[in-house]
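This one's a predicted model, so the numbers in the text were calculated from it and none came from an experiment. Hydrogens, waters and symmetry mates play no part in the numbers below; they use all other heavy atoms, side chains included.
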Amino acid sequence: MNFLAHIYLSFDNPKVMVGNFIGDFVKGRNLLGQFEPEIVRGITLHRAIDEFTDHHPVVSESKRRLRPKYRHYAAVIIDVFYDHFLSRYWNNYHTELLSTYTSNTYSTLEHHWEILPDGVKYMLPHMKKDNWLLNYGKLEGIAQALTGMSRRTRHESKMEQSIVELEEYYEEFKNEFELFFPDLIRQSERFLRETS
């Protein structure tokens with residue numbers, strides 16, 4: 001899953017959310033040597049979310065549609081597509097307005113600035129300025145995100161072209177997201193219960 005889903009799946013726990021948000025930027029296993037326990041809990045939740053997502057049969061179906069053209073980048077693209085559906089249909093999942101939620105998220109991350117990895121410190125001002133989390137709900141926002149990601153890949157990914165598949169198979173991807181996401185919510189809630 002991409003940024004918005006990881007934040008959402010922290011269930012309004014600020015420190016867990018910070019850890020969940022920075023999960024891709026933190027390497028290694030000795031996390032308690034680097035961060036306080038609730039941040040570590042968020043990082044390990046991030047890893048559990050990625051593991052569950054990577055092996056879910058519905059997500060595999062979404063990836064299968066993209067794999068011939070995008071190969072291993074299909075998984076990255078699906079993460080972004082699914083964030084689009086979460087953002088666009090946010091009111092189905094949360095009572096707070098997405099604009100308020102994203103504003104509070106940026107404030108929480110900035111409040112923890114001193115512990116953010118360098119990559120996050122570089123990215124966050126751009127994310128906030130262009131409000132990526134809110135704009136994921138628009139096709140042009142997703143196109144912009146995919147183009148930026150494509151520019152940062154070492155090899156040609158063609159990710160910037162995948163907006164064509166999103167539009168062509170929009171209902172299929174949306175249905176797959178709606179099947180998968182409740183499973184991921186339950187899995188994340190279970191993880192947090194078992195690690196509290």
Side-chain angles (χ1 to χ4, degrees), residues 1-13 16-29 31 39-90 92-94 98 101-102 105 109 117 119-120 123 127 132-133 136-137 141-142 145-146 148-150 152-153 157-159 162-163 165-166 169-195:
M1 300 302 293
N2 208 43
F3 292 119
L4 183 59
H6 279 289
I7 292 162
Y8 172 82
L9 293 165
S10 303
F11 305 108
D12 301 318
N13 179 319
V16 168
M17 185 270 283
V18 171
N20 204 344
F21 182 82
I22 67 175
D24 280 333
F25 296 83
V26 177
K27 305 302 177 201
R29 299 252 172 243
L31 300 175
I39 302 288
V40 171
R41 196 162 159 239
I43 295 168
T44 54
L45 172 60
H46 180 108
R47 293 174 179 179
I49 288 168
D50 286 355
E51 176 78 11
F52 183 78
T53 301
D54 287 345
H55 296 95
H56 197 284
V58 173
V59 179
S60 296
E61 190 62 33
S62 290
K63 290 188 286 194
R64 194 172 298 119
R65 200 172 290 116
L66 297 179
R67 196 164 281 118
K69 181 174 179 182
Y70 301 102
R71 303 178 315 279
H72 64 278
Y73 292 107
V76 179
I77 294 166
I78 292 302
D79 284 350
V80 176
F81 284 6
Y82 282 11
D83 253 20
H84 165 71
F85 294 113
L86 178 57
S87 180
R88 181 148 184 200
Y89 299 101
W90 179 257
N92 295 341
Y93 300 98
H94 206 287
L98 182 56
Y101 186 89
T102 59
T105 294
L109 291 166
V120 177
M123 176 189 70
M127 175 180 263
W132 295 1
L133 301 174
Y136 283 153
I142 288 296
L146 290 163
M149 292 167 75
S150 184
R152 292 189 294 274
T153 58
S157 69
K158 301 179 186 169
M159 282 193 286
S162 64
I163 196 74
E165 283 80 10
L166 177 58
Y169 300 105
Y170 195 87
E171 287 304 313
E172 290 89 338
F173 287 125
K174 177 176 177 284
N175 291 340
E176 286 155 3
F177 169 77
E178 289 172 345
L179 279 172
F180 162 68
F181 201 58
D183 286 353
L184 183 57
I185 291 171
R186 285 189 291 271
Q187 183 71 13
S188 301
E189 287 172 335
R190 184 181 308 121
F191 177 92
L192 289 172
R193 274 197 313 273
E194 292 173 355
T195 59

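Atom OH of Tyr170 and atom NE2 of His84 lie 2.5 Å apart (nearest 0.5 Å). Ser87 OG to Trp132 CH2: the interatomic distance, rounded to the nearest 0.5 Å, is 14.0 Å. Note that CZ of Phe52 is 10.5 Å distant from CG of Leu9, once rounded to the nearest 0.5 Å. Between the CD1 atom in Ile185 and the CZ atom in Arg190 there is a gap of 12.5 Å [rounded to 0.5 Å]. For the atom pair OH (Tyr70) and CD1 (Ile78), the distance works out to 10.5 Å, reported to the nearest 0.5 Å. A distance of 9.5 Å separates NE2 of His94 from CZ of Phe11, quoted to the nearest 0.5 Å.
You'll find the side chain of Thr44 reaches within 4.5 Å of the side chain of Leu31, heavy atoms only. Side chains of Phe177 and Leu86 form a contact here, defined as non-hydrogen atoms less than 4.5 Å apart. Looking at heavy atoms from C-beta onward, Ile77 lies out of side-chain contact with Glu165 at the 4.5 angstrom threshold. Side-chain contact check for Leu4 versus Trp90: some heavy-atom pair is nearer than 4.5 Å. Residues His46 and Ile22 fail the side-chain proximity criterion, which asks for heavy atoms closer than 4.5 Å. At a threshold of 4.5 Å between non-hydrogen side-chain atoms, the residues Phe21 and Ser10 do not count as touching. Residues Lys158 and Ser162 are not in side-chain contact: their nearest non-hydrogen atoms beyond the backbone lie 4.5 Å or more apart. Between Asn20 and Ile49, the closest side-chain pair of non-hydrogen atoms falls below 4.5 Å.
Heavy atoms only, all atoms of each residue included: Ile142 and Leu166 are closest at CG2-CD2, 4.1 Å. Of all non-hydrogen atoms in Leu179 and Pro182, the two that sit nearest each other are O-CD, 3.7 Å. When all heavy atoms are compared, the tightest approach of Gly119 to Phe25 is C-CE2, 3.8 Å. Pairing each heavy atom of Gly23 with each of Ile43, the nearest pair is CA-CG2, 4.5 Å. Across every non-hydrogen atom of Asp79 and Asn2, the tightest pair is O-CB, 3.5 Å. A pairwise comparison of heavy atoms in Lys63 and Ala74 identifies O-CB, 3.8 Å as the closest pair.
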Side chain to side chain contact (heavy atoms under 4.5 Å, CB included) assessment of Asp12 paired with Tyr101: CA-CA 10 Å; Asp12 301 318; Tyr101 186 89; 3.6 Å; yes
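Under the 3.5 Å distance criterion, the side-chain polar atoms of His55 are matched with a main-chain donor or acceptor of Glu51. The closest donor-acceptor contact from the side chain of Arg41 to the backbone of Leu192 lies under 3.5 Å. Panel note: side chain Asp83, backbone Phe3; a donor-acceptor pair is recorded below 3.5 Å.
Defined by atom type and a distance below 3.5 Å, a donor-acceptor pair is present between the side-chain atoms of His6 and Asp50. A donor-acceptor contact under 3.5 angstrom links the side chains of Ser62 and Tyr82, judged on distance only. Between the side chains of Glu178 and Tyr89, not a single donor N or O lies within less than 3.5 Å of an accepting N or O.
Using a 4.0 Å cut-off between charged side-chain N and carboxylate O, Glu176 and Arg65 make a salt bridge. Ionic pairing of Glu189 and Arg186 is not present here: no N-O contact between side-chain nitrogen and carboxylate oxygen is shorter than 4.0 angstrom.
Under the 30°/60° scheme for interplanar angles, the aromatic rings of Tyr8 and Tyr93 are found to stand perpendicular.
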